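For reference, the structure discussed in these notes is given below.
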Amino acid sequence: MYNLLKGKKGIIFGALDSNSIAWKVAERAHEEGAEFVLTNAPIAMRMGTINELAEKTGSQIIPADATSMEDIENLVEKSTEILGGKIDFVLHSIGMSVNVRKGKHYTDPKYDFTTKGWDVSAVSFHKVMNVLYNKNAMNEWGSIVALTYMAAQRVFPDYNDMADNKAYLESIARSFGYFFGRDHKVRVNTISQSPTATTAGQGVKGFDGFIKYAEEMSPLGNATALECADYTISLFSDLTKKVTLQNLFHDGGFSNMGVSTKIMDHFTE
Ligand code: NAI
């Protein structure tokens, strides 16, 4: 361990269970010397095992529905109290599509579900940054990261409306990131992660086949949740102070591939 986050304070959204990417980020942030507050939707508190993570990392939990401005305001106020100062890093690790959950096809969604999905998966990021920005709750040279997926740029048919939600999320990172950088010297980036076997990941139809395909397509293989956490820690650290407004691919090289020999072998055997 490198003490990369020694003395830094953060808020981590989205740790549901030990498979969650946010869970690994919390464990790694703790190892690197950070103090942080854990948060998740009230319902996730009942479903998941976040208490175990809180105990392990000496953190407090503040429930917040990331679509509720009231909840986020309460979260940010309490977090600065608990941590005894402004925030240095924030992880947004939240995604959910009601259309996916209810088995609605992309070509014929229920638009109420579409609206709920983009509110949870994209606009929540705007709301979180709104509160942090307007309460002046971030320290200078702080870092905000959200997790995304390459379906924002390329077609993955079964990713459904999450593709649109991720495109929206990535755009918010750039647009809000400009104001956050200009006014508070805070950087905002998205990490575009490989398919990863988590609750959200496995909700995507055909996930098992897809994760194998991505593995064989990527020269370095799929990036794991722990590797994603390592990358996230680097973005929270002082080693990446001038990286902002970026969508950063963390995918073993998948995003720049056309085809790999391993994939070709399936067609030439
Ligand atoms: P996960 O299911 O462990 O995490 C998703 C989290 O979103 C859960 O903790 C859930 O409680 C939280 N959430 C849902 N609605 C919420 C709300 N209204 N307010 C607050 N929190 C809410 O799955 P995972 O994979 O760790 O997902 C984290 C992020 O990584 C998501 O943005 C996801 O889209 C992204 N991602 C995941 C990939 C994968 O294959 N698993 C690939 C690329 C990106």
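Counting starts at 1 for both ligands and their atoms, following the listed order. Everything numeric in this text was worked out from a predicted model, so none of it was measured.
Every residue meeting the side chain to side chain donor-acceptor pair (under 3.5 Å) condition with D17, not counting sequence neighbours, appears here in chain and number order: T199. Evaluation of the side chain to side chain donor-acceptor pair (under 3.5 Å) rule for S18 yields no partner, not counting sequence neighbours.
Neither the backbone nor the side chain of D17 has any atom closer than 4.0 Å to an atom of ligand 1 (non-hydrogen atoms only). In A44, the part holding a heavy atom less than 4.0 Å from any atom of ligand 1 is the side chain. Residue H92 does not touch ligand 1, judged by heavy-atom distances below 4.0 Å. Only the side chain of V120 comes within contact range of ligand 1, with a heavy atom under 4.0 Å; no backbone atom does.
You'll find the ring centres of F125 and F176 outside the 6.0 Å limit. For Y149 and Y159, the distance between ring centers is under 6.0 angstrom.
In this structure, A64 is part of the shell of residues with a heavy atom less than 4.0 angstrom from ligand 1. The shell of residues lying under 4.0 angstrom from ligand 1, judged by heavy atoms, includes S194. Residue contacts with ligand 1 do not include Q202, since none of its heavy atoms lies under 4.0 Å from the ligand.
Formation of a donor-acceptor pair under 3.5 Å by the D71 side chain with backbone atoms of D65 is found in this model. Counting only distance, with no hydrogens or angles, the side chain of D119 and the backbone of S124 share no donor-acceptor pair below 3.5 Å.
Inspection of the T57 and S59 side chains reveals an N or O donor paired with an N or O acceptor under 3.5 Å. Side-chain atoms of N247 and T190 form a donor-acceptor pair, as typed in the model, at a separation below 3.5 Å. S192 and H250 are not linked by any side-chain donor-acceptor pair at a separation below 3.5 angstrom, with hydrogens and angles left out of the test. Between the side chains of H30 and E35, no donor-acceptor pair is found at a separation under 3.5 Å. Donor-acceptor pairing under 3.5 Å is lacking for the side chains of T232 and R28. In the model, T224 has a side-chain atom that pairs as donor or acceptor with a side-chain atom of E227 under 3.5 Å. Checking N160 against S97 by side-chain atom types alone, no donor-acceptor pair falls below 3.5 Å.
Taking atom 26 (O) of ligand 1 as the reference point, the nearest protein heavy-atom neighbour is I21 N, 2.9 Å. The shortest contact between atom 3 (O) of ligand 1 and any protein heavy atom is with S20 OG, 2.6 Å. In this structure, atom 8 (C) of ligand 1 lies nearest to the protein heavy atom G14 O, 3.8 Å. Of all protein heavy atoms, the one lying nearest to atom 40 (O) of ligand 1 is T196 N, 2.7 Å. Counting protein heavy atoms only, atom 11 (O) of ligand 1 is closest to N40 OD1, 2.7 Å. Closest to atom 5 (C) of ligand 1 among all protein heavy atoms lies S93 O, 3.8 Å. Scanning the protein heavy atoms around atom 7 (O) of ligand 1, the nearest turns out to be I94 CA, 3.5 Å. Of all protein heavy atoms, the one lying nearest to atom 30 (O) of ligand 1 is L147 CB, 3.5 Å.
Atoms of ligand 1 found under 4.0 Å from any heavy atom of Q193 (numbered from 1 in listed order, with element): 42 (C), 43 (C). Against a heavy-atom cut-off of under 4.0 Å, G201 is close to the following atoms of ligand 1: 39 (C), 40 (O), 41 (N). Interface atoms of ligand 1 facing D65, defined by a heavy-atom separation under 4.0 Å, are 17 (C), 18 (N), 19 (N). Atom numbering of ligand 1 starts at 1 in the shown order; those under 4.0 Å from a heavy atom of T148 are 43 (C), 44 (C). Near G95, meaning under 4.0 Å from one of its heavy atoms, ligand 1 places the atoms 7 (O), 31 (C), 32 (O).
Ring-plane geometry between F180 and Y133 is classed as perpendicular, the angle between the planes exceeding 60 degrees on a 0 to 90 degree scale with a lower cut at 30.
Remark: ligand 1 and M96 share no N or O pair separated by less than 3.5 Å (distance only, no angle test). Between M162 and ligand 1, not a single N/O pair is under 3.5 Å apart. Residue contacts with ligand 1: P195 is placed with no nitrogen or oxygen under 3.5 Å of a nitrogen or oxygen of the ligand (distance criterion only). At least one N/O-N/O distance between T198 and ligand 1 falls below 3.5 Å. Annotation: Y149 places no N or O atom under 3.5 Å from an N or O atom of ligand 1; distance criterion only.
With a 4.5 Å cut-off on side-chain heavy atoms, N99 and T114 count as touching.
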